[in-house]
Amino acid sequence: MSDTRDLTLRVNGTVHHVNVEPRHSLADTLRESCGLTGTHLGCEHGVCGACTVLIDGRATRSCLVFAVQVEGSEIETVEGLAEPDGTLHPLQQAFWEHHGLQCGFCTPGFLMLALGALRENPDLDDEELRDLIASNLCRCTGYQNILTAVRAAADIMRAKARPAPNP
Amino acid sequence: MKPAAFAYLKPENLAEALRFVADNADDGKLLAGGQSLVPAMNFRLARPETLIDITGLEALQGVEEHADALSIGALTRHATFHKPVSDGALGRLLVKVVGHIAHYPIRQRGTFGGSLSHADPAAEWCLVATTLNATMRLESSGGARDVPASDFFRGSFTTALEPNEILTRITIPKLPDGTGTGFVEFARRKGDFALAMALTALHLEGGAIRSARVGLGGVADRALRMDAIEAALVGQPATPETFATAGQMARDQISPRGDIHGSAEYRRDLAGALLERALAQAAEEARGAAPT
Amino acid sequence: MSWVGRRLPRLEDPALLTGRGQFVADRAKGALAMAFVRSPLAAGALTEIEVPPIDVPDSFVFTAADLFGVGAIEAILNRPDYKRVPQPVLAGDRVVFAGQPVAIAVANSRAAAEDLAEQVFADVEPDEPILTFEDALADGARAVHPEAPGNVLVEGQLRGEGVDSAFDAAAAIVEVELRSERQSAMPLEARGGVAAFDPGSGRVTLYASVQMPHMLRTGLADVLNMPESDLRVVAPDVGGGFGQKMSLFPEYVALVWAARHLKRSIAWIEDRRENFLGASHARDQRFRAKAAFDSDGRILALDADLLSNVGAFSCYPVTCGVEPLMAFAELPGPYRIAHYAVRSRGVTTNTAMMAPYRGVSRPMLTFTMEQLMDRAARQLGLNPLDIRRRNLICDFPHTSPTGLVHDLGSYIEAMDAAARVADLEDFRERQTRARAAGRYLGIGVSVFSERSGYGTPAFAARMMEIVPGYETVDCEMDPSGRVTLAIGASPHGQGLKTALAQLAADRLGVTPEDVRVVSGDTDATPYGWGTFASRSMVIAGGASQMASDKVAEKLRIAAAQMLECAPDDIELADGLAKVQGANRTMRIADIARALHHKSHLFADLAAGLKEQAFYDPAGTFSNACHIAEVEVEPATGGVRVDRFVVVEDAGRLINPLIADGQIAGGVAQGIANALYEELVYDEHGTLLTTSLADYAVPTAFEIPPIDIHHMETLSPATVTKAKGLGEGGTIGAPAAVIGAINDALAPFAVAINTMPATPDRIWQALRDAKDKAA
């Protein structure tokens, strides 16, 4: 029963050839076969959200998806968030400045959750943001600094997305 | 918490999916959104020998609007309903409900038909289907049949689906213009399964209730449509007193089971209180929506 | 300008933000995987373990019979009332809680190890499980352990003179019986270890998600009968601990044993279900207390009977005395109590082992004292602030009835400040208006002290065989002028490295970015005790400051020689040694290079720039006041925390950004304690809450913004003037929240006595009150 399959996954724009059992979750595959250990597993039953990644742009629990299901999809993980030169994404920068993390175990999940949701709707109001951030669990921060950070990042991301006015 | 091993099949089309389902009737399981099945597999509470992944089947995606009903493809993701899928009371109600289903990432992946097939007694879509008398289309290699919600849900996590069938579409009759709807649930945390929930639709005429739909979820082995309360409401003034009486009727008519999150007596009382609120919400919306 | 006191973003963060943190599971590549077979039953004789035939390479099952030469884990208190109950690594002839490790399965992946583990069957002839205080303390109750008939593992008793006569003279006597149900610290990263076997040396490096790496090395070496030098323990990035990662658990012993036995690297990465079943639990206490008051609301005496369910074993190294003895010693809290009587027992049951969880007993004892105050105020017609003001300690140093010395604090001032921020008068008006509209708002006040930064004297007073408490720090400046602090403390999310870098930077005239803090590696750090008990800022901070000062002194002496002045004239700042009052400077890096490479020029100085300091303070008390504002919905029993105010006095703040983060996170856990989280066993001793769907950790939706303010009473008891604050949020919040609920429900004459105050419990209490009134 432990038959394995050869899969081709696209993660952060890079192609990975992996060989896994069908029962291998996307999270385990990213961590063990792609060497991308930034995606963390906190519960493996879809509640904590530490494993949240983007699949074709949608924020998804990677513990509840099997790798075999996502051939042909675009996967994005926390490792792809910063610029290649190391410049932090506005979300990362805001989490840093607003102390939105302590142990950092939940942080990749929150970053990817916020990234997916803000891409879908850059104009989330505070109430919608709180609903969204309630999707994942953090045991250290008490959440307020995460909310503050995502709010700040959303404002920066919106300003950046707006075309520059003509001089 | 890794699932037991399984064989994985990914059909190209519905016909192939139906064949796979028939071939694996004993030990196969359909994988739609997987947001309930995969946790159960990770706990090894579910251990199908074969997983038939239908997430890619185009024919089962999307919502079609007809004159008198919405036809929802079984694989339509919950997130589709974040915005109204149609004008009118039904589209608005679905928006109202969907925000209570788990969390944003779960709604990105979980499906309407998957939720109905899973038949969790506390699932929001099951309450919608039951209260609004949805019809399920069940297909097999041998053909299709339409089953009303009242026959579809057979108990906790149990439906009329035969092992060789797939739920492909769900048809929900639209609500007449001027209908107001209410949906209220109470959960311990944001996104948790509700301890109880109430769904209502009211059509008013001159301050009195002309027609009513009333459903309760999370208080029995399946969602309940409360026919007797509906009948009792018709002709009554849409007032807090009327709603309180309806709430009391609900308390008298249900016998929920207790669990670690709430005792049976508590849930019984809670359901009554939530029904009062859902009726008030529906009445308020109906007054605002009343045709001029 | 000083680095201390700045809201400096943390140096730890860039790696964590980019997915480049190194948690223990990230080091499992290439290792075999381990899973545990756990007892399905709470109590009984283990008659047989059925092991399947194994025909797959790299697959192994081991039971207790295989572990020859391996001892038991034994936590020791040298008290006559203490009963030792050795904890086997794998259950031998009996099981004592559902979830206890019974066998090990090893395979080439975790999934395969789980496949193997589920084919192993433990045959247990069940005994009636002992689960509750009532079960355990009943006359003739079955002993959970034959070594401990009566099921009490530790008992503290004190009956001060004058207690009885004080009660006789009282104007009012108030009695409470309060419960905290069982909870989990629930770090988001569960436990886990990777035992890397080095075939060349035979040495094992254990990467483990732990708070006390040196202690773990000692404990493992003792139980496994091996020299400590054959073992290196590394705590890499740790995804939260909150006390749950302090103890030596049997799983780690089994892991290192198996790696040495198989001469292979093996990983055990705990999953969430195991974490609920097999890791330590906390709380589960029942406190009965009565207090005598005079007519002005002054406490005359306090008499308490305190029960702590310690579970199936005594946690190593701090022992099962940790909850009952802290309750015993610290119940009076921030109040002046002249006459104190207490009996505090640790009761063993067939449930998972209890071990520290942030707060340790103090959430319950604060809840107890604050409820006594609130109820006395109501009985005597006093304002809740006034009654507290009349009893709070205000002369310093203050010695408690159990001999604890409170250093300078701001107990009354912090309460008054919090009351101003919360605007109590405005609240009472809003409350009155809301009640008229059928809505129930309430406010709750919680004043408490947080004993923190205590060294060996405090632990020795508990008669612990292993006496933790001191810290040692090595401070070294390398030839490039960069600084390394090697510490025995073991931070896991607190931001300690940033705070220590700020301290050292000020002393050495460099920037925090120039200071690298090394922790958690027993090969690279001095023996120390780790991070727990609100101690690291005070003790590791003090030692870091002292070690940095020694290096700075050497820099000044060398600089003085090179700049031809007196050492006292040298100021270290901005990367320079400056001659005060003159325009002469040298780069600190140049001095460092000279001390390493031209040591012959400094005849009176040893070569290099490495100094060690040791710090073992008696301890200090922070204080704080929490005020919670809630709305209770009688129809649903639902509670929403609308507002939460904290005024904290933790002495000098090294990094206020980090301090606020500690407080906010602690308060969130305190709100969880008060309203949400509960581990539930059924009557057979089976744990029902083994998922995060059932164990209700609150989300961003449930936790309000926390409004944090500081007072800074510089501690005379610590070298940095700082006090610890890691646990305060968790200690104070439950009392404030439940106090607020009881205030909201005052019109119904309802008092909530049990945490968490779930909707069902609140609804039941309201119904009971209604029934009683009818």
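Every chain is numbered from 1, with letters handed out A, B, ... down the list of sequences.
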When the 4.5 angstrom heavy-atom criterion is applied to B:Ala40 and chain A, the contacting part is neither
* Relative to chain A, which segment of B:Leu37 carries a heavy atom at a distance below 4.5 Å: side chain, backbone, both, or neither? ->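 Neither the backbone nor the side chain of B:Leu37 comes within 4.5 Å of chain A.
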| field | Test side chain to side chain contact (heavy atoms under 4.5 Å, CB included) applied to A:Glu21 and B:Tyr8, step by step | value | CA-CA 9 Å; A:Glu21 288 181 74; B:Tyr8 176 82; over 6 Å; no
Inset, instruction - Using the side chain to side chain contact (heavy atoms under 4.5 Å, CB included) rule, take A:His45 and B:Met41 through it: C-alpha gap first, then chi angles, then the decisive distance, then the call. - result: CA-CA 9 Å; A:His45 51 272; B:Met41 289 174 67; over 6 Å; no
Heavy-atom neighbours of [X] [atom1] exceed 12 at 6.0 Å:
| X | atom1 | value |
| --- | --- | --- |
| B:Asp87 | CG | no |
| B:Lys29 | NZ | no |
| A:Arg158 | CZ | yes |

CD of B:Gln35 to CZ of A:Arg61, rounded to nearest 0.5 Å, is 8.0 Å
In this structure, NZ of B:Lys190 is separated from CG of A:Leu132 (nearest 0.5 Å) by 11.0 Å
Going by heavy atoms in the side chains, are [X] and [Y] under 4.5 Å from each other?
| X | Y | result |
| --- | --- | --- |
| B:Pro39 | A:Leu64 | yes |
| A:Thr60 | B:Ile106 | no |
| A:Asp28 | B:Lys2 | yes |

- Item | Distance-only donor-acceptor check, side chains A:Glu120 and B:Tyr104, under 3.5 Å | yes
*asked:* When you measure from the side chain of B:Arg109 to the backbone of A:Arg58, do you find a donor-acceptor pair of N or O atoms at a distance under 3.5 Å?
replied: no
Q. Taking B:Asn42 for the side chain and A:Glu44 for the main chain, is one N or O donor matched with an acceptor at less than 3.5 Å?
A. yes
- Task: List the steps and the verdict of side chain to side chain contact (heavy atoms under 4.5 Å, CB included) for A:Phe66 and B:Leu31.
- Result: CA-CA 11 Å; A:Phe66 299 109; B:Leu31 175 62; 4.2 Å; yes
Next item on the list: With sequence neighbours left out, write down each residue that passes salt bridge (Lys or Arg N to Asp or Glu O under 4.0 Å) with A:Arg10, or none if nothing qualifies.
Entry: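 So A:Arg10 forms a salt bridge (Lys or Arg N to Asp or Glu O under 4.0 Å) with A:Glu74.
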Check your understanding: What pair of heavy atoms forms the shortest contact from B:Gln108 to A:Ala59, and how long is it?
Key ->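 Of all heavy-atom pairs spanning B:Gln108 and A:Ala59, the closest is CG-O, 3.5 Å.
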Identify which of A:Ala117, A:Gly49, A:Gly46 forms the greatest number of heavy-atom pairs closer than 4.5 Å to chain B.
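Heavy-atom pair counts peak at A:Ala117.
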